[in-house]
Amino acid sequence: MNRQYILILTSLLFVINNSFRAQSEDITIEDLSSQVEKDDKWVDGMNLLVEQIIDTETTSAKEYLTEVISVAEELGYKKGLVDANILFAYLLNTQNKFSEAIKILEKTGGKVNDDSTLAKVEMAKGVIYYERSEYDSAKIFLDRAEILLKGVENLTFAKIVNTRAGVYSKRGDYTRSIEEAVKAARIFSKYGDEKSLALTYNNIAARNCSLNLHSKAIGFYKMAIRLNEKNQDQNALTMNYINLGVTYKNLDSLDLALIYYQKGLENSKKLENPEYYYAQGYSNIASVYLAKDDFTEALKYYQKSLEVCREANIVFGYVFVFVNLGQTYSHLGNYSQALTSLDSSLHYAEKLNLVWEKSMIYSIYSEVHEKHNNFKEALSFLKKQKVISDSLMTSEKAEKILEIETKYETALKENSILKLESITNSQGLYILYLIVGVLLLFALALWLYLRSKLISQKNKSIQLNEEKLQLELQIKNQSLIHKAINVAQLEDNNELLKLKLENIVINTDLDKNKELKKIIRNLDSSKENSEIWNEFELRFKETHGDLYSKLIQEFPNLTTTELKVISFIRLNMNTKEIAQLTNRSVSTIENTRNSIRRKMNLDVKENLSTKILAY
């Protein structure tokens, strides 16, 4: 179970007084369970300690919670009973007993009279729906919970806002997500909830990364690290180091990325079950060496990652390790071994029915075949990738969404009917008016919900179209790269032919020399070469809009050569690849990049690729 959800649910327990928290560090489940006098404080302590084992010792957690619920009912201690039922519902949800979990929360909410306690129950529903990726339903319950709190900004309110920030993030609204998360962070800080605050900082950082605001992201990751170091939260700390490594890698700061990946790997040794982190850590380090073109070192770390996956039987890890090995072998020129590794990756992806991962593997197949000049196979796998990508947008997905919404709508109706049945036992005209009022309110709520559903479906359709456009853009970029490769090959052929002709000139008579020299001059001013570059530029402008005009308007001193290099950077090509395509040395391309940086007035800390990709 993902640790972040445990941290989210921690808020569902009221904060026990500081003296108890200080003592609880030395108290165990066994100590409390054997305690003869079972009072309110005992219930709170058991709930707090059960929360710590709920993801690792599910059987024991269930037994303890059953006892806590029984004791809380006997004591008439509503707060403790609600907290225990929420934890029990969450435990059932992790065992894929979703319906049972929601029923427990519905039953618990039916016994609660005060709004602040009911808000905790509604929030728990929202958290569970969020975990199950049912974000529309999650938001409905989170909004209800906030309304019940009536503007009171306590820890429960902060957790509601923080979970809703996650909903906005999943919908791609990162700006709104950050705004909500910052609001939650302010409250966590006020109440001294440092674990939740650290988690929130981590989430804010991740969403800044999604907006390409990497400098801000780094600041928030480091704030999270300081809090997690202080509280010795090794799980969260390990993930902070890894996330910071990813951010630096995105900024091409490979040495810093390597430092934080190694920190994450080293810190994972302090965890109870570090195998997953070992596999991920070795793979992360390998990716840095791959970016540095140190393929031998990359291969060594990917193989270490594979060994860990085999020892710990991390089958899911095979998919990614083998595909990375395939890329590495390809860079090393071992075409056969590269394809064998990709075959293994595809085998496990099919075995686990990982559709998106299959699409990714087909893309890598295409790249490997293209790198080894097998363009027919490269195109074949690119088409396979597109078929899978299209299949992810089928009506089946829309039908599933409609099915879930229908179930939820039915649940709302059943809930209203139950309430009406309890009311009909009373008498009088007042009851009749109340029934009519409830029906009218229900009709209004249903109309609003259906309207919301239509808007939601429209938004999903827009999102699917955007994903399709993104795929088409990737395919167009591939076509541009192929065109650039053709130009480079033509230039190489021309250069080779010139050298051969110049060698012949030395050994021929004067009249023939004139004809040969004329041919050489024609090669130097090859119109075909120029026309292909013109066609490349035309297609580039069609795909990437008015990038050239923006750059020329803002930086009129950019040369044609510099604009050409910028176009390759926009296609996510590194210096070495650009050098190969343009038949220049790596140092020449580096000089050109430096010239571009000077003309664009970039600061030393600013990344050229990030700047160009922002246009």
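Side chains included, hydrogens not; waters and symmetry mates left out as well; all remaining heavy atoms used. Numbers here are sequence positions counted from 1.
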Test ring pair (Phe, Tyr, Trp, His ring centres under 6.0 Å) applied to Tyr282 and Tyr302, step by step: CA-CA 6 Å; Tyr282 287 134; Tyr302 279 135; over 10 Å; no
Before you tell me yes or no, could you show the steps for Leu105 and Asn85 under side chain to side chain contact (heavy atoms under 4.5 Å, CB included), namely the whole-Å CA-CA distance, both residues' side-chain angles and the distance that decides it to 0.1 Å? CA-CA 7 Å; Leu105 292 174; Asn85 276 327; 5.7 Å; no
For the pair Lys190 and Glu153, evaluate salt bridge (charged side-chain N to carboxylate O under 4.0 Å, His left out) and give the outcome as yes or no after the intermediate values. CA-CA 10 Å; Lys190 175 183 175 182; Glu153 292 191 350; 6.0 Å; no
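Stacking of Arg132 on the aromatic ring of Phe98 is recorded, both the 6.0 Å distance cut-off and the 45° axial limit being met. Lys384 forms a cation-pi arrangement with Phe381, by the criterion of a distance under 6.0 Å to the ring centre and an angle within 45° of the ring axis.
Ring orientation note: the planes of Tyr260 and Tyr241 are tilted relative to one another, at an angle of 30° to 60°. Classified by interplanar angle (parallel below 30°, tilted 30° to 60°, perpendicular above 60°), the ring pair Phe322/Tyr348 is parallel.
Of the possible polar contacts, one joining the Thr238 side chain to the Gln234 backbone as a donor-acceptor pair under 3.5 Å is found. Without hydrogens or angle criteria, Asn324 side chain to Phe320 main chain gives a donor-acceptor distance under 3.5 Å. Under a 3.5 Å cut-off, the side chain of Asn284 and the backbone N or O of Gln280 do form a donor-acceptor pair. A donor-acceptor pair under 3.5 Å is absent between the side-chain atoms of Ser137 and the main chain of Glu134, judged by distance alone.
By the 4.0 Å N-to-carboxylate-O rule, Lys78 lies too far from Asp40 to be salt-bridged with it. Ionic pairing of Glu307 and Arg310 is not present here: no N-O contact between side-chain nitrogen and carboxylate oxygen is shorter than 4.0 angstrom. Ion pairing of Glu180 with Lys183 is present here, as a side-chain N (NZ or NE/NH1/NH2) and a carboxylate O approach within less than 4.0 Å.
Ring centroid separation for the pair Tyr221 and Tyr201 does not come in under the 6.0 Å cut-off. Proximity of the aromatic rings of Tyr135 and Tyr130 is defined here by a centroid distance below 6.0 angstrom, and this criterion is met.
When each of Lys120, Arg164, Lys139 is tested with Glu146 by the rule salt bridge (charged side-chain N to carboxylate O under 4.0 Å, His left out), just one qualifies, namely Arg164.
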